[in-house]
Every structure is written in structure tokens, then in C-alpha cells.
Number of protein chains: 2
Amino acid sequence: MGARVTMRDVAQAVGMSPMTVSRALRDDRTVNAKTRARVRQVADDLGYVYDSTAQAFRTQKSGFVAVTLPSVNNANFAETFRALTNGLGEAGLQLLLGSTNYRVEREEELVRQLLTRNPEALVLTGGHHTDEMRRLVQARDLPVIEMWDLPEDPLGHVVGFSNSDAMAHIVDHLVATGRRKLAFVGASEGADMRGAVRRAGVVAAARAHGLPEVAMIDAGPAPVSMRHGAAVIEAMGRDVAQYDALVCVSDPVAFGCLSSAQRMGLRVPDDLAITGFGHFEVAKVSNPRITTVNVQAEDIGRQVVALLQGIFDGAVDDPVRVDVGSALVVGETS
Amino acid sequence: MGARVTMRDVAQAVGMSPMTVSRALRDDRTVNAKTRARVRQVADDLGYVYDSTAQAFRTQKSGFVAVTLPSVNNANFAETFRALTNGLGEAGLQLLLGSTNYRVEREEELVRQLLTRNPEALVLTGGHHTDEMRRLVQARDLPVIEMWDLPEDPLGHVVGFSNSDAMAHIVDHLVATGRRKLAFVGASEGADMRGAVRRAGVVAAARAHGLPEVAMIDAGPAPVSMRHGAAVIEAMGRDVAQYDALVCVSDPVAFGCLSSAQRMGLRVPDDLAITGFGHFEVAKVSNPRITTVNVQAEDIGRQVVALLQGIFDGAVDDPVRVDVGSALVVGETS
DNA sequence: CGCCGAATTGTTATCGATAACATGATACCG
DNA sequence: CGGTATCATGTTATCGATAACAATTCGGCG
């Protein structure tokens with residue numbers, strides 16, 4: 001309705017200086033306990049709402065941690081995000097979220113925006129960035145964490161795992177169970193670096209085992225999910241039977257492939273093995289259960305929180321590199 | 001490294017006043033075109049980064065829209081969020097996201113925090129709130145939108161659909177296809193109001209059709225997903241065959257139930273019908289496809305964006321109530 | 001040439017909270 | 001009882017951008 005209530009108004013009402021109110025609301029013990037209680041009471045009565053913007057401005061500490069994700073519409077990233085929110089919320093920090101839609105140029109633009117909010121740290125998903133973006137970030141004296149990857153040339157700290165190692169686990173397992181004709185199902189060559197790295201991991205591992213060339217099945221532009229996996233296999237029809245294993249870029253894609261394969265009467269895993277990535281819920285519940293790789297999305301979030309706490313406490317100075325690893329989870333599709 | 005670069009520094013470098021720099025960076029046409037270009041150039045060279053905090057403080061406009069979601073780890077809410085982000089991003093607004101974990105008390109706390117950031121609007125998911133929270137919000141002269149619901153007594157604007165109507169569609173359909181012994185599979189009675197409303201909708205619709213009492217199958221505390229649906233049906237074993245339809249609170253739960261039912265050899269839909277809610281991807285890809293209700297998550301987001309634009313442009317004054325509706329999508333599980 | 005309106009740039013005050021420093025009140029000691 | 005340590009509160013200046021108002025420059029025209 002009228003003008004907003006500020007600390008000055010509260011101060012006037014209690015008959016004290018704004019400074020005392022400020023201290024009282026922060027529970028500063030140098031303020032008399034009775035005064036503190038009275039200030040809180042009056043602030044409540046007046047409907048006073050603290051202004052974080054003014055605080056952020058004055059103290060030059062925004063209370064924000066900026067986070068970029070390729071997409072929130074992905075259970076794994078969402079899980080990491082949840083862990084971050086919960087962990088940082090306890091530390092009084094707010095997350096500022098931006099999604100890149102799997103495009104590095106979008107990431108640059110996004111980070112540019114986020115930086116204007118003066119975040120106290122920057123958490124990026126993935127290790128691929130534009131040069132301009134690297135410059136942007138390194139020009140500031142700002143803690144940076146890259147997660148979900150183990151980049152060669154990191155911007156700062158790293159909490160992730162090796163996508164190519166993870167794919168190697170899958171290929172090793174398939175080879176051990178007698179498969180030789182592999183096809184990789186993923187997004188088209190393009191802006192999604194994570195997909196590209198996984199693809200490269202499969203190709204390298206196959207080569208190491210002396211397998212024939214890995215076929216590429218293009219499920220369309222990133223992000224690809226259940227319906228894209230289902231569609232591409234349905235479109236291929238019986239042609240898919242020339243392979244004895246489909247290595248999918250993610251569990252949802254694998255589930256889509258599985259579903260289409262079953263609809264066309266293929267027996268999984270007898271006729272065709274299918275593997276996923278990410279240990280999504282659907283992999284555990286589907287029928288048959290999908291062989292996948294567990295990447296511990298939540299753990300990544302927790303480790304990032306711990307790292308940030310270390311950084312803010314001054315306990316961390318040198319760049320940290322945490323490999324959370326990944327583990328093969330054998331299901332019933334291989 | 002050193003002190004941050006401010007407009008004052010840029011101004012000094014160009015030999016002009018900070019005011020001119022401010023105008024130039026905002027592309028104010030009262031500033032000479034050449035000057036504008038030079039200012040931008042110098043700002044870039046100095047590595048100047050605009051300070052939104054200072055701007056927000058001075059103008060008393062934060063550029064934030066606060067949004068609460070029960071959880072980001074839900075493809076439907078994530079979809080709405082994505083539409084909001086994209087739409088509001090174009091308008092130069094940033095989303096401030098908080099998740100309530102399906103608890104109204106948590107919502108109150110969250111909104112309290114979010115309000116300290118001076119958001120220009122508040123977008124809430126759901127229509128159930130604590131009294132304290134209603135007071136909090138109404139004390140401020142702040143546009144409020146409740147979405148994903150059609151509350152009786154809204155706080156402000158509404159963009160949603162009727163959960164009980166949606167469930168009635170499901171029940172009508174089941175009755176029309178000859179089912180009579182229904183069981184509802186959802187979260188335990190508790191803080192999740194959306195689940196409770198859906199359950200009530202099923203009960204009311206069943207009563208209207210003169211069906212026997214609807215059984216309640218408790219899949220555990222909210223949020224419930226695939227694994228909970230799978231677990232509770234697996235635990236019930238053959239007992240589940242006493243019902244001829246499982247009405248699930250969401251598609252993921254339905255998929256879990258479907259999977260367990262299939263594993264124990266039940267034929268769906270011959271022995272047992274299963275329905276979901278939300279038109280998740282899994283409903284379209286699963287085998288058989290799950291009968292569900294489409295709630296157009298993305299459309300909700302778009303409508304909220306349009307409404308917000310109207311509000312900010314001053315085109316909207318009276319509270320708006322948009323019913324985006326919901327539509328039965330018949331699959332192969334019923 | 002002198003004057004006027006348009007174009008361009010400058011000055012001042014301000015948003016609300018708080019760090020740093022200063023002051024006043026109170027207790028406690030020998 | 002004077003003096004000093006402790007507790008409690010107040011004063012002042014400040015963070016960076018910008019609205020509102022003021023001033024200056026410039027071209028053109030009678």
C-alpha cells in the first residue's frame with residue numbers, strides 16, 4: 001500500500017537508532033537481550049521486511065551462488081541442483097539458476113547476466129566453454145567450480161567424473177558378455193559436448209577392444225530423451241537387428257529404444273543388448289531393468305557444497321579436483 | 001584482482017560523467033551515437049561488468065520474479081519452469097527459484113526469504129498456503145500468481161486447472177470401460193495438498209457413479225515416483241488383483257505399478273487397468289502406453305508469462321483466472 | 001549577428017543497510 | 001570513591017547507478 005517500511009521506521013517506533021535495529025535483527029549479542037526482543041516484536045508489528053538488496057549493495061556480498069545447468073528438465077541435473085539448494089540454503093545462500101539449453105554460446109550470455117548480480121561463486125555444469133567466457137570468468141576474483149566433468153584445462157575447481165571412462169565401463173562389460181557389433185544412440189553432432197564426449201568414449205573403447213567400427217544412430221538435436229530413442233528405433237525397423245548392442249547416451253534414450261525394440265518383437269537382451277547412462281529411476285523400474293552407469297548426481301551436489309564451504313571459510317586455496325567416479329550397474333538388458 | 005571497475009572508472013577513462021556512461025550503456029538515444037560507441041568500447045576494454053545490485057537498489061526494481069515449485073525433480077514442473085525462464089528472460093527478468101519439497105510450512109519460510117530480494121512478482125505453485133503466508137503476501141503490493149491449481153480463495157491471479165475435474169475424467173473413462181473396483185495409488189495423507197485433492201476427486205467421482213468405496217494404496221510420503229509405485233504393488237503381490245483399476249496420482253507412479261504388475265504376470269489392461277496423471281513422457285513411451293491426463297505444463301508457463309507481461313504493462317488490474325483445462329489421453333492400459 | 005529550440009552532457013541527491021569509529025552508561029576493583 | 005574495563009547504543013560515511021533537474025553546445029534562421 002503505502003511506502004515500504006525500512007529499518008529507520010522500525011528504529012523510530014522503538015525509539016532507537018537504525019544501527020541498533022540492524023544489530024538486533026542480526027541477533028548481535030552486543031545488543032541488550034530485551035532490546036533485541038522488542039525490536040523484533042515491533043518489526044513484526046509494522047510488517048517490516050528485510051531488504052537483501054540493500055544489504056548486498058552495502059556489504060558487496062550478494063548471498064547468491066550462480067549455477068548453470070544444461071537443463072532442469074533432467075532428473076540427474078535436478079538431483080544435483082536439489083542437493084545444492086538444500087546444502088547452500090543452510091548456509092544462508094540462494095541459488096541463482098540459469099539453463100544453457102546445452103549450448104555454450106548460451107552459457108556465455110547467461111554467465112554474463114549472472115555476473116551482474118555479483119554472485120559469490122559460480123558453479124558450471126560441464127567443462128566446455130567459449131574463449132570469451134573463460135576470459136570473463138577469470139578476470140574476476142571469483143571461485144569457480146566445474147561439475148559433471150573432468151576438464152583437461154579447468155577454470156578453477158572441479159567436481160565430476162570422466163564421461164569417457166564411464167562409457168568404457170559399458171563397452172568393457174558388453175565385450176565381456178560377447179557383444180561385438182555396437183551402435184551408439186545419441187544426439188546429432190552439435191553443441192552438446194557431453195554427448196560428444198560419451199560418443200568418443202565409446203568409439204575409443206571399442207577400438208581398444210578391436211571391435212568393428214561403432215555405428216552412429218542419430219536421435220536428433222540435443223536434448224534427446226525417451227521419445228527420441230523410441231522414434232529413431234521405430235524408424236529403423238528391423239535394421240536395428242544388425243547390431244547386437246545399442247549403447248545409449250542416457251537412460252531415457254535407452255528406455256525409448258527398449259520400448260520400440262520390444263514393440264517390434266525383438267527380445268532384449270537375447271536379440272539385442274541395450275545400455276543407458278545416468279542411473280535414472282526408469283532404469284531400475286523398467287522391465288527388463290536397464291544396464292547403466294551410476295554417476296551419483298546427488299553426491300556431486302553435496303561435494304560441491306562442501307567445497308564451497310571450504311572456499312568461503314578460507315580453508316581451500318589451491319584448485320581442487322574431485323573425481324566422484326562412476327560405477328557400472330548391470331541390469332537385465334545386457 | 002584489484003578493486004572492481006565501476007561506471008566512475010569508465011567515465012574517467014572516456015573523460016565524461018558517470019551519468020553519460022550510464023545512459024550510453026543503456027543505449028539512451030539522447031547520447032551521441034559516437035559517444036555511445038566509445039563508451040561501450042572503453043567499458044569492454046576495462047573489463048567493466050554492470051552491477052545489477054546497485055541498479056536494483058537505486059531503482060527499487062530487482063528484475064527478479066520469484067517462483068516456488070514443489071520440486072524441480074518433476075518433469076512437469078520443470079517444463080513449466082523452462083517456459084517461464086524463456087519467456088521472462090526475453091523481458092529481461094531473472095527467475096528466483098525456490099522449492100518447497102511439497103510442504104506448506106517450507107513454502108512460508110521460502111517466500112519470506114524470496115521477498116527480501118524485492119521480486120517484482122511472485123509465482124506460486126498450488127493454492128494451499130499457511131495463513132501467515134497469506135498475510136505476508138497480501139501486506140505487500142505485489143502481483144501474485146498461483147498456478148497448477150484453481151483455488152477457491154485465490155491470493156491474486158490464477159493460471160491452472162481443476163485437479164478434481166481431471167480425476168473425474170479418468171474415473172468417467174474407467175466406468176465407461178466397465179471398471180468398478182478402483183484403488184487410488186498416491187502419497188500418504190500429509191503435506192502434499194495436490195495429491196490429496198486428486199484423491200478426493202477420485203473418491204467424489206466414484207461416489208457419483210455409485211461405485212463401491214475406492215481403496216487407498218499408500219506409496220509412502222510425498223514425493224512419490226516410479227520406485228514407490230513399483231514397491232507398493234510388489235509388496236501387495238497378488239492382492240492387487242482384487243481391484244480392476246489402479247488410479248495413480250501421477251504417470252511415474254503408474255509406470256512403477258505397471259512394471260510390478262507385469263513382473264508378477266498380471267496382464268494390463270486385461271486383468272487390471274492402470275491410469276496415470278500428467279502426460280509425462282514415460283506414459284507415451286511405455287509398453288503398453290499409459291492412459292493419463294494431459295495438463296499442458298508448458299502452456300501454464302506461457303500463460304503465466306503472458307499474464308505477467310500484462311500486469312507489468314498495466315493492462316491487467318482485476319484478478320485474472322485462467323483455466324487451461326485438462327484432457328483425457330487414452331492409452332493402452334485401460 | 002543575435003536569438004531560440006533541439007541535442008547533448010553535467011550536478012546533486014538518493015535508494016536502505018552497515019562497517020568503523022565514537023560515545024555514553026554501568027559495573028567492578030582496589 | 002576514582003578509575004578502568006565492559007556493555008550498550010549512536011554517528012558518519014559509504015556501496016554504484018540513476019531520476020530529476022540544470023547547464024552547455026550547436027545549428028539554423030530572421
Side-chain angles (χ1 to χ4, degrees), chain A residues 2-40 42-43 46-64 92 113 115-120 140-141, chain B residues 2-40 42-43 46-64 92 113 115-120 140-141:
Chain A
R4 75 187 279 111
V5 181
T6 74
M7 274 193 187
R8 176 174 276 101
D9 302 316
V10 177
Q12 209 139 39
V14 237
M16 300 212 135
S17 77
M19 196 62 238
T20 302
V21 173
S22 171
R23 286 194 267 246
L25 292 178
R26 277 178 294 160
D27 243 346
D28 186 328
R29 285 157 317 157
T30 70
V31 176
N32 183 296
K34 259 181 204 150
T35 311
R36 260 183 289 163
R38 200 153 51 93
V39 167
R40 290 184 165 272
V42 171
L46 294 183
Y48 169 74
V49 176
Y50 186 82
D51 186 339
S52 296
T53 305
Q55 181 199 39
F57 178 54
R58 165 66 235 233
T59 62
Q60 299 290 41
K61 303 191 77 194
S62 62
F64 283 128
Q113 270 181 39
L115 288 183
T116 72
R117 297 282 181 184
N118 267 314
E120 301 184 27
R140 301 193 100 176
D141 189 16
Chain B
R4 76 188 276 112
V5 181
T6 74
M7 274 191 187
R8 175 174 276 102
D9 301 318
V10 178
Q12 209 138 39
V14 244
M16 299 211 137
S17 76
M19 195 64 238
T20 303
V21 174
S22 171
R23 286 194 268 248
L25 293 178
R26 277 175 298 160
D27 242 346
D28 187 329
R29 285 157 318 156
T30 70
V31 175
N32 184 294
K34 257 182 207 148
T35 311
R36 259 182 291 165
R38 198 153 51 92
V39 167
R40 292 184 162 272
V42 172
L46 294 184
Y48 169 74
V49 176
Y50 186 81
D51 185 339
S52 295
T53 304
Q55 180 199 40
F57 178 56
R58 165 68 236 231
T59 63
Q60 298 291 46
K61 303 191 78 196
S62 62
F64 283 129
Q113 271 181 36
L115 288 182
T116 72
R117 297 282 181 183
N118 268 315
E120 301 184 28
R140 302 192 92 167
D141 191 16

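Just so it is clear: chains get the letters A, B, ... in the order the sequence lines come, proteins before strands, and each one is counted from 1.
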Sugar-phosphate only, base, or nothing, as touched by A/Arg23 at under 4.0 Å among non-hydrogen atoms: base
Name of the residue among B/Val21, B/Leu25, B/Val39 meeting side chain to side chain contact (heavy atoms under 4.5 Å, CB included) with B/Tyr48: B/Leu25
B/Arg58/A/Phe57 under side-chain contact (heavy atoms from CB on, under 4.5 Å): CA gap, chis, key distance, verdict: CA-CA 10 Å; B/Arg58 165 68 236 231; A/Phe57 178 54; over 6 Å; no
Close side-chain approach of A/Arg140 and A/Asn118, heavy atoms under 4.5 Å: yes
Selection from D/dT18, C/dT9, D/dT9 that lies nearest to any side-chain heavy atom of B/Ser22: D/dT18
Worked check of side-chain contact (heavy atoms from CB on, under 4.5 Å) between B/Asp51 and B/Thr6: CA-CA 8 Å; B/Asp51 185 339; B/Thr6 74; over 6 Å; no
Derivation and outcome, side-chain contact (heavy atoms from CB on, under 4.5 Å), residues A/Asp27 and A/Arg40: CA-CA 10 Å; A/Asp27 243 346; A/Arg40 290 184 165 272; 3.9 Å; yes
D/dG16 OP1/OP2 closer than 4.0 Å to side-chain N/O of A/Arg117: no
Sugar-phosphate only, base, or nothing, as touched by B/Met19 at under 4.0 Å among non-hydrogen atoms: base
D/dT12 phosphate, OP1 or OP2, under 4.0 Å from A/Arg58 side-chain N/O: no
Contact under 4.0 Å: B/Thr6 side-chain N or O vs D/dC15 OP1/OP2: no
Phosphate OP1/OP2 of D/dG16 contacted by B/Gln55 side-chain N/O (<4.0 Å): no
Distance test, side-chain N/O of B/Tyr48 to OP1/OP2 of D/dA17, below 4.0 Å: yes
B/Gln12 CD to D/dG16 C1', straight-line distance once rounded to whole Å: 15 Å
Separation of atom CE in A/Met16 from atom P in D/dT11, rounded to whole Å: 12 Å
Closest to side chain of A/Ser17, choosing from D/dT11, D/dG16, D/dA8: D/dT11
Gap between atoms NZ and P, on A/Lys61 and C/dG16 respectively (whole Å): 23 Å
Residue-phosphate contact under 4.0 Å: A/Gln60 side-chain N/O, C/dA19 OP1/OP2: no
Whole-Å gap separating C1' (C/dA17) and CZ (A/Arg4): 11 Å
Sugar-phosphate, base or nothing in reach of B/Thr30, heavy atoms under 4.0 Å: base
Nearest-nucleotide 5' precedence on DNA chain C, B/Phe57 against B/Gly15: B/Gly15
Gap between atoms CG and C1', on A/Asp27 and D/dA8 respectively (whole Å): 16 Å
Separation of atom CZ in A/Arg29 from atom P in D/dT9, rounded to whole Å: 15 Å
Atom-to-atom span, CG of B/Asn32 to C1' of D/dT25 - whole angstrom: 12 Å
Sugar-phosphate, base or nothing in reach of A/Thr53, heavy atoms under 4.0 Å: nothing
Touch class at under 4.0 angstrom, heavy-atom based, for B/Val31 against every strand present: sugar-phosphate
Length of the NZ-P vector between A/Lys34 and D/dC7, whole Å: 17 Å
Options C/dG16, C/dT18, D/dT18, nucleotide nearest the side-chain atoms of A/Arg26: C/dT18
Any B/Thr20 side-chain N or O less than 4.0 Å from OP1/OP2 of C/dG10: yes
Sub-4.5 Å side-chain heavy-atom contact between B/Arg117 and B/Ser62: no
